[in-house]
Peer 1: 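Pasting a structure here, questions to come.
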There are 2 protein chains.
Amino acid sequence: MSNAYDKAHELGRILKESDEFKQLAELHSKVNEDAQAKQMLEGFRAIQMELQQKQMQGMDLTEEELQKAQSVFELVQQHELIGKLMEAEQRMSQLIGDINRIIAEPLEELYGIGE
Amino acid sequence: MSNAYDKAHELGRILKESDEFKQLAELHSKVNEDAQAKQMLEGFRAIQMELQQKQMQGMDLTEEELQKAQSVFELVQQHELIGKLMEAEQRMSQLIGDINRIIAEPLEELYGIGE
Ligand SMILES: [Ca+2]
Ligand SMILES: [Ca+2]
């Protein structure tokens, strides 16, 4: 299977050289160099992670928690740099998702038919 | 990004032509053609899915459920064809996991450094 691994490394390199990745990396650096933006984003991510963990443990979120998450999300999106970073993350995540679906197509065919 | 999509399709084709995939597909067919094996495996998968859903909903599994899952698992693994199929699935899943990690390496570098 060295062939598949080689091809995966080629694909990794193409992704790294893509405009999508370069934009993401640039925005990531800019946010990290901007103390206010960095702090805002870290605060948002901490809340997001806390609520995700609650949900994964099967706990319901309170009305108050949902409202807090929503207002923090609206706040961070209004920050131009963070908003752009989140859009770039969204595009990259879409691209990786597409790629994973393409690679796994033979398996989907196998498990989709005759079972 | 047509380049990344092209490369992903190439990788999908390599996987489909791999020994790992061919073995998996062959064992899958054999199990589907063997009524007893098919029923045994479907029974096992149904129990597995039921327990996974309970866990995802944050519910604890009872001692009885864990014992039942364990004994059904031991039973299906003793079936030669099913045991081989599960090993082939394990190898394919390892391969896909490796490939996903290789592809996502640039992203890991980005999020692992400077944050
Ligand atoms: Ca996010
Ligand atoms: Ca399995």
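To find a chain, count down the sequence lines: A is the first, B the second, and so on, and within it residues start at 1.
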Peer 1: Quick one: which residues of residues 51-63 of chain B reach chain A at under 4.5 angstrom, heavy atoms only?
Peer 2: B/M56, B/Q57, B/G58
Peer 1: To the nearest 0.5 Å, tell me how far A/E10 CD sits from B/E10 CD.
Peer 2: 7.0 Å
Peer 1: Quick one: which of B/I102, B/L11, B/I99 gives a side-chain contact (heavy atoms from CB on, under 4.5 Å) with A/K7?
Peer 2: B/L11
Peer 1: Which value, rounded to the nearest 0.5 Å, describes the distance between A/E89 atom CD and B/Y111 atom OH?
Peer 2: 3.5 Å
Peer 1: For B/Q77, is the CD atom crowded, meaning more than 12 foreign heavy atoms sit under 6.0 Å from it?
Peer 2: yes
Peer 1: Suppose the criterion is ring-ring contact (aromatic ring centres under 6.0 Å, His included): which pairs have a residue in residues 54-80 of chain B, not counting sequence neighbours?
Peer 2: B/F44-B/F73
Peer 1: Would you mind reporting whether B/L107 and A/L15 have side-chain heavy atoms less than 4.5 Å apart?
Peer 2: no
Peer 1: Does some side-chain heavy atom of A/D6 sit less than 4.5 Å from a side-chain heavy atom of B/I14?
Peer 2: no
Peer 1: How far does CG of B/N3 sit from CZ of A/R13, to the nearest 0.5 angstrom?
Peer 2: 12.0 Å
Peer 1: Does any heavy atom of chain A fall under 4.5 Å from the side chain of B/I96, the backbone, both, or neither of them?
Peer 2: side chain
Peer 1: Can you see which heavy atom on A/P106 is nearest to which on B/G12, and at what distance?
Peer 2: CG-O, 3.6 Å
